[in-house]
Structure formats: C-alpha cells, structure tokens
Amino acid sequence: MNVSDAIIQAVGVEKSYPQADGTRIQVVGLTNLEVEPGKIIALLGPSGCGKSTLLRILTGLAQPSSGTLLWHGKSLDGQMPNVAIVFQSFALFPWLTVLENVEAPLEAKGVPAVERRKRALRTLDTVGLDGFETAYPKELSGGMKQRVGFARALVVEPEVLFMDEPFSALDVLTAENLRGELLELWLNKKMPASAIFIVTHNIEEAVMLADRVMVLGRNPARIRSDFNIRLKHPRDRKSARFVELVDYIYKVMTEPELEHDLPDAETTAEIILPTGGLTKEVLMKEAGPVRTARYQLLPHARVGGIAGLTELLRDRGGREDLFRLAEELVMNVEDLLPILEACVLLGFAWLKEGDVQITPQGVAFAEADIQQRKILFRQAALEQVTILRQIDSILKRKSDHSIADEFFHDILDEHFSEDEVQRQFDTATNWGRYAEIFDYDREKGMLVQTEPPSPSEPTVTPEGDSSAPQS
C-alpha cells in the first residue's frame, strides 16, 4: 500500500508533558504509523505504556506535542476526523432509552429528527437490538450495553472505528460472542467503517481479529513490532500458526530488551517497515529538551500475586510456557504480565523465549512461612528496587526516622507522568509496608521507619523437640 492511500497517517508524532525545570517527560516516543483502509488493526502493549494516549492522538481528541497527523494526506487544521470510538465502560446516558442513546451523536451533529430516527433504527437492527429501542441501560446486560455502544459509534458512519478495550469489561462468554458478531459485521461489509483500530490487552483477541498487529514498548511508548497477519477467517486458536504468533507477541511484550524474529514471516505474517521518506530532521524535530523515563518502573503487582505465581511455578516443576500458563489461569496478559515482571525484578523468576522459570530465590520464597517470606521479600526489595532502597536509607539517617510522602512524589515527578507517579506510589507503599521497610500514615502523609521482621523463633513441642515453623 502506498503511504498516500492511508486514511490516517502519523508522522514523527510524540507526546510529552512539561516539567517545572523546563524539560518534558516523554510518554509517547517519536512514532510513525498509518491506518489503512480494509483492515482491522490491533494495538497491544503492557499496562500504562501509552496505548490509550496514542489512540486519543489518532482520533484528534488529544494533540501531539510534536509531529504531524494527516487525514488522507492532508493536515486536519483543527477539524475532527470522521471517526467514532467504542469505550470499555459503555459510557451510555442512563436517563435515555436505547434509541435515544444511539440518536445522541446524530443530534449533536444537527441531523434532522426524522433522518436520525431512521438511521438509529437501522443501526440497532444491524447489531441485533431491534425490540429494545425503548429499554433503558439499567435493563440491559453488559453485552447488550456494549451493543448499544457499537450502534452509537456506527450510526455516525465513521470512516475509522476506534475501539478502546471494548470487551474487557465483559465476561468471557459474552466477550467471545461479541467478537464473533463484530467480525461477522466486518467480513460481510455490514458496517460503514473502512477500517477498525482496536486497542486491546488480550493477545489472542488481537490474533483472532486483526489483519495487522502493532506491539508497543514503554517509557516512552514506541512500536516494537508491526506486522500483517496472513491467516484466513475464521481462525483456529489451536492451529500451529496461530499459537506461534501468540507466543511471539508474548515474547516481545515480556522481553523488551531483546529483538525477536517473527515466525514464518513469509507465509503467516509480513513485517511492516517504518514509513519511508522521513528525514532525520523531521523525526528529531522537538519543541524543547525531552527527557525519557529512565528511572526504574515498578510493575503494578501485589505481593499476594507474586507469592501465588512462585508457588504455582514450584508446583509445576519450576518452568512453564507463558501462553499455556495464562490460558490455564484464565488470565489476560494485562493481569499476568505485571506479576511476571515483579517476580523477575525481585529475582524470583526469569523469562526466556516465552517461558518463565523460577529461581532458587523464588523457590525459597515459595516454600517459606509467613515471617520468613517477609524477610526474603525485604532482602530482594532493598537489593533490586531503587526507590525502596533510597527511602530506607533516608529513614535511617533522619533523627525522627520519618519523611513526607511528597519526597516520593518529588523524585518520581522527574521521571513519570502524574498518573504514573500515583501508581508507582501505590505499588511501592504496598511492597514497602509488606517488607516492613516503612509504615505509611495516610492522614499525615508520612513514611515512618519500622523494625525489620525477625526470623521465626523455633517452637518447642510437648516432647521438648524444637522444630521450625511449617509453611
């Protein structure tokens, strides 16, 4: 496809946020991509990597800090592109009926009442909601609410339909049913959209639906892999090619420091090269000094999940395929990856070629009792986690052994966006309190040093023999 054929083209687009010192934190790195007609495009990436930010830029809801967004090769010049968005949270007006919800965007566009009523009824029939025109959202199931969301997006006849994790709020069976219905509408050309751009955290969903898959890295967001999938619909989840592609995406997402070869590129997929014709001057054009996030990023995982995964790996002989593990746990990659990343960060596991393997430290943690786990977690956290080590050192040096939580925010404000700073704070306080590195007084906003956990004392049996506590 020629670049000029693209519906939407992002050229050297990046997004960053200004800081007090005049620099900017880059959230989306310099990115070039095209949204082509006739394709379903899936955008994958770990939590907090910038997927939704990039979607907002492509839809015109957010302006890039630098770079150009083109619509059919021309600048938008402040105009909104002909797109519609289906959201994860349904976002219906509870005081309006189903029909009135679908008519709402047409009314906002000034479409006459008779015309918008005809178009709304026709679209509701297309998505299988005829007969529910007068129902209110509270009367509908989750799947039916999302069908209303589909209808509301399609009724404006968008050229590109954007979908931001549209199935993640639904149960497994309902989500699978809606994916099938969406694909049926697309393949049978029963929807006006020329392209679909779907943001998802579900790897199988992307391989099942998409003609093209893009995988984002983070800090800042960048496209790590971009390829076309050459598999006919309907696709078989258990076919060798399907499994190979799913496994490849797992590897790209879990081993960001490595480059991975796309399996069977000649027959199952086609690597998409970066946009041609972009000079170094265009790509490097900046609005000011940019600082990317180089500070250590904590995965947003709870200690319970970390412990559970180490126990599971120990019970399975110490090694497991990621794809099989996620499938058997009935977990999405969005939920599993942070736990895996936390285990790797703490030295409890390592990842290689799509497999996760427990380390000797992970085995010791899995087999330890409650108090010993705290000790092992504390040791790993202070050795591997920079911010916890810094806080521990400062608390020891201060005469009152306390520090305001603003200190934490001040450090991370230099490296992350405001939302990410809060997520980092929540994760670090969860880890730090569990490891008894500090306690947190939320009302006073103070971190206070605590006594480290002591090794379990031996217990004495009635017969007088001492034995260590059991895990």
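Keep in mind that what you see is a predicted model, and the values were worked out from it rather than measured.
Side-chain atoms of Glu311 do not come within 3.5 Å of backbone N or O of Gly308 as any donor-acceptor pair. Remark: the backbone N or O of Phe87 is paired with a side-chain donor or acceptor of Gln146 at under 3.5 angstrom. Of the possible donor and acceptor atoms, one in the side chain of Lys15 sits under 3.5 Å from a partner among the backbone N and O of Gln63. For the pair Glu133 (side chain) and Gly131 (backbone), a donor-acceptor distance under 3.5 Å is present. Proximity of a side-chain donor or acceptor of Asn188 to a complementary backbone N or O of Glu184 within less than 3.5 Å is detected. In this structure, Lys39 contributes its side chain and Asp211 its backbone to no donor-acceptor pair below 3.5 Å.
The side-chain heavy atoms of Leu44 and Met214, taken from C-beta on, include no pair separated by under 4.5 Å. Between Phe425 and Asp405, some side-chain heavy-atom pair lies under the 4.5 Å cut-off. At a threshold of 4.5 Å between non-hydrogen side-chain atoms, the residues Pro105 and Val155 count as touching. Between Ile229 and Arg235, the closest side-chain pair of non-hydrogen atoms falls below 4.5 Å. Trp431 has its side chain within reach of Leu346: a pair of non-hydrogen atoms, C-beta onward, lies under 4.5 Å apart. With a 4.5 Å cut-off on side-chain heavy atoms, Val27 and Arg218 do not count as touching. The closest side-chain heavy-atom distance from Leu298 to Leu345 is below 4.5 Å. Between Phe197 and Ile40 the shortest side-chain heavy-atom distance does not fall below 4.5 Å.
Classification of Glu420 and Arg423 as a salt-bridged pair holds, one side-chain N sitting under 4.0 Å from a carboxylate O. In summary, Glu181 and Arg147 engage in a salt bridge, as defined by a charged side-chain N under 4.0 Å from a carboxylate O. Between Glu176 and Arg179 there is a salt bridge, since at least one side-chain N of the basic residue sits less than 4.0 Å from a carboxylate O of the acidic one. Between Glu244 and Arg241 no salt bridge is recorded (no basic side-chain N to carboxylate O distance below 4.0 Å).
Cation-pi contact between Lys238 and Phe242: absent, since separation from the ring centre below 6.0 Å together with deviation from the ring axis within 45° is not met. A cation-pi arrangement, defined by a distance under 6.0 Å to the six-membered ring centre and an angle within 45 degrees of its axis, is absent between Arg212 and Phe227.
For the residue pair Gln88 and Ser168, a side-chain donor N or O sits within less than 3.5 Å of a side-chain acceptor on the partner. Judged purely by distance below 3.5 Å, without hydrogens or angles, the side chains of Ser65 and Tyr17 never pair a donor atom with an acceptor atom.
Put simply, the residue from Ile198, Val199, Leu43, Thr59 that forms a side-chain contact (heavy atoms from CB on, under 4.5 Å) with Asp164 is Val199. Considering Val98, Asn101, Asp130 as possible partners of Leu124, the one that fulfils the side-chain contact (heavy atoms from CB on, under 4.5 Å) test is Val98.
Between Tyr434 and Phe377, the angle of the ring planes goes over 60°, which puts this pair in the perpendicular group of the 30/60° scheme.
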Between His72 and Ile7, is a side-chain contact (heavy atoms from CB on, under 4.5 Å) present by the stated rule, with each step listed?
-> CA-CA 5 Å; His72 290 290; Ile7 302 173; 3.9 Å; yes
